[in-house]
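Heads up: the structure comes next, in structure tokens.
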Amino acid sequence: MTTDPTQDPASFWEEFYLTRRTSSNGRVTGALQQIAAGLTPGTSLDLGASHGDDVIWLARHGWTALGCDISAVAVERARIRAAELGLAEQAAFQCCDLSLAMPDGPFDLVTALYLQSPVTLQRALILGQAVARLRPGGHLLIVSHAAPPPWTPKATPSTVFPSLDDELVSIATSDVPFDVIEARVVMRSAKGPDGQPASLKDNLVLVRRSQT
Ligand SMILES: C[S@@+](CC[C@H](N)C(=O)[O-])C[C@H]1O[C@@H](n2cnc3c(N)ncnc32)[C@H](O)[C@@H]1O
């Protein structure tokens, strides 16, 4: 299946969730699980929250968690799941295009977990604004695909696979001072659509907004 990189992002992702990813897999992102274990729960914002698995995991672990996504259908499914789990108060969701608007915060934790797209996505702008939404001392966690998975068709255009430096440059587009806590490439075992095993390369960047 080929993607037109000029397609409107809202319609691309709505169609994606209506036809290609129709339900949640219920799994938390492993890197989030590890990093959050070392943080005191507070308020959090997940950028590109999809079906809300990471937001719901945070809510279960004491956070007051908010997720934003451009897809109305993904957001509605996330809301329904949170309500079914009795977590509607702790796990909230908003449908928004993060290139145009982002909740104000401030937040103790902002996450951008595989916030990548084969159609237009202003990642640098969004990540710069994300660090500005942190409370002083709050953390921004970015996990991104550093390379395409082997099963991605060669014809798939335009998804950006950033380097660690790219991620840090994006965050620095804001004037907000921050300290880099971790910036490393991690390998992750995964299975492709037909069950084929692969080792995937991710970027993991954790920064903390300076206290002043
Ligand atoms: C590759 S998926 C990752 C989803 C999820 N964070 C995960 O780890 O599985 C990217 C997500 O970003 C959302 N997205 C793409 N562009 C967006 C935008 N401009 N504003 C808000 N969400 C966006 C998509 O709808 C999709 O759910």
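FYI, side chains are in, hydrogens and waters are out, and symmetry mates aren't considered; it's all heavy atoms of this structure. In each ligand, atom 1 is the first atom listed, and ligand 1 is the first ligand listed. Being a predicted model, the structure only gives us computed values, none of them experimental. Along the sequence shown, residues carry numbers from 1.
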Q) Any side-chain heavy atom of Asp53 sitting closer than 4.5 Å to one from Val28? A) no
Q: Would you mind telling me if ligand 1 is within reach of the side chain of Ser50, the backbone, both or neither, using heavy atoms under 4.0 Å?
A: both
Q: Report, in ascending order of atom number, the atoms of ligand 1 lying under 4.0 Å from any heavy atom of Cys96.
A: 20 (N), 21 (C)
Q. Should the proximity of Leu121 to ligand 1, defined as any heavy atom under 4.0 Å, be assigned to the side chain, the backbone, both, or neither?
A. side chain
**Q.** Arg209 side chain near Leu140 side chain, heavy-atom distance below 4.5 Å
**A.** no
Q | Heteroatom distance test (Gly48, ligand 1): nitrogen or oxygen, under 3.5 angstrom | A | yes
Q | Close side-chain approach of Asp54 to Thr111, heavy-atom, < 4.5 Å | A | no
**Q.** Flag if over 12 foreign heavy atoms under 6.0 Å of CG, Asp175
**A.** no
Q | Asp54-ligand 1 polar pair, N/O distance under 3.5 Å | A | no
Q. Do you know which two heavy atoms are closest between Pro162 and Ser144, and how far apart they sit?
A. CG-OG, 3.8 Å
Q: Provide the number and element of each atom of ligand 1 under 4.0 Å from a heavy atom of Gln116.
A: 1 (C), 10 (C)
Q: Hey, can you tell me if Trp13 and Phe16 have their rings parallel, tilted or perpendicular (30° and 60° cut-offs)?
A: perpendicular
Q) Has ligand 1 got any nitrogen or oxygen that is less than 3.5 angstrom from a nitrogen or oxygen of Thr29? A) no
(Q) In this structure, does ligand 1 have an atom that sits under 4.0 Å from one of the heavy atoms of Pro9? (A) no
(Q) As an exercise, identify every atom of ligand 1 less than 4.0 angstrom from a heavy atom of Ser99. (A) 19 (N)
Q: Examine distances only and state if a side-chain atom of Arg123 and a backbone atom of Leu115 form a donor-acceptor pair shorter than 3.5 Å.
A: yes
Q. With under 30° as parallel and over 60° as perpendicular, where do the rings of His145 and Tyr114 fit, or are they tilted in between?
A. tilted
Q) Does the pair Arg135/Asp108 count as a salt bridge with the N-to-O cut at 4.0 Å? A) yes
Q: Mind checking whether Gln122 contacts ligand 1 via backbone (N, CA, C, O), side chain (CB onward), both or neither, at a 4.0 Å heavy-atom cut-off?
A: neither
Q. Would you say the side chain of Leu47 lies within less than 4.5 Å of the side chain of Met102, judging by non-hydrogen atoms?
A. yes
(Q) Taking 4.0 angstrom as the limit and counting only heavy atoms of Tyr17, give me the atoms of ligand 1 inside it, by number and element. (A) 25 (O), 26 (C), 27 (O)
Q: State the atoms of ligand 1, each with its element, that fall below the 4.0 Å cut-off from a heavy-atom position in Leu115.
A: 12 (O)
Q) Does the pair Arg81/Glu84 count as a salt bridge with the N-to-O cut at 4.0 Å? A) no
(Q) I'd like to check which ligand 1 atoms, numbered from 1 as shown, lie under 4.0 Å from a non-hydrogen atom of Leu98. (A) 18 (C), 19 (N), 20 (N), 21 (C)
Q: Could you tell me whether the side chain of Gln116 and the main chain of Val160 form a donor-acceptor pair under 3.5 Å?
A: yes
Q. Nearest protein heavy-atom contact for atom 25 (O) of ligand 1: which residue, which atom, what distance?
A. Asp69 OD1, 2.6 Å
Q.
Starting from atom 1 (C) of ligand 1, what is the nearest protein heavy atom, named by residue and atom, and what distance separates them?
A. Tyr114 O, 3.1 Å
Q. What about Ile126: any of its N or O atoms under 3.5 Å from an N or O on ligand 1?
A. no
**Q.** Leu141 vs Leu204 side-chain heavy atoms within contact, under 4.5 Å
**A.** yes
Q. Which ligand 1 atoms, with their elements, are less than 4.0 angstrom from a heavy-atom of Asp97?
A. 18 (C), 19 (N), 20 (N)
Q. Hey, does Leu113 come in under 3.5 Å of ligand 1, counting only N/O atoms on both sides?
A. yes
Q: Among all protein heavy atoms, pick out the one at the shortest distance from atom 9 (O) of ligand 1; state its residue, atom name and that distance to 0.1 Å.
A: Arg21 NH1, 4.0 Å
Q: Select one of side chain, backbone, both or neither to describe which atoms of Trp13 lie under 4.0 Å from any atom of ligand 1, heavy atoms only.
A: side chain
Q | atom 22 (N) of ligand 1: nearest protein contact (heavy atom, Å) | A | Ile70 N, 3.1 Å
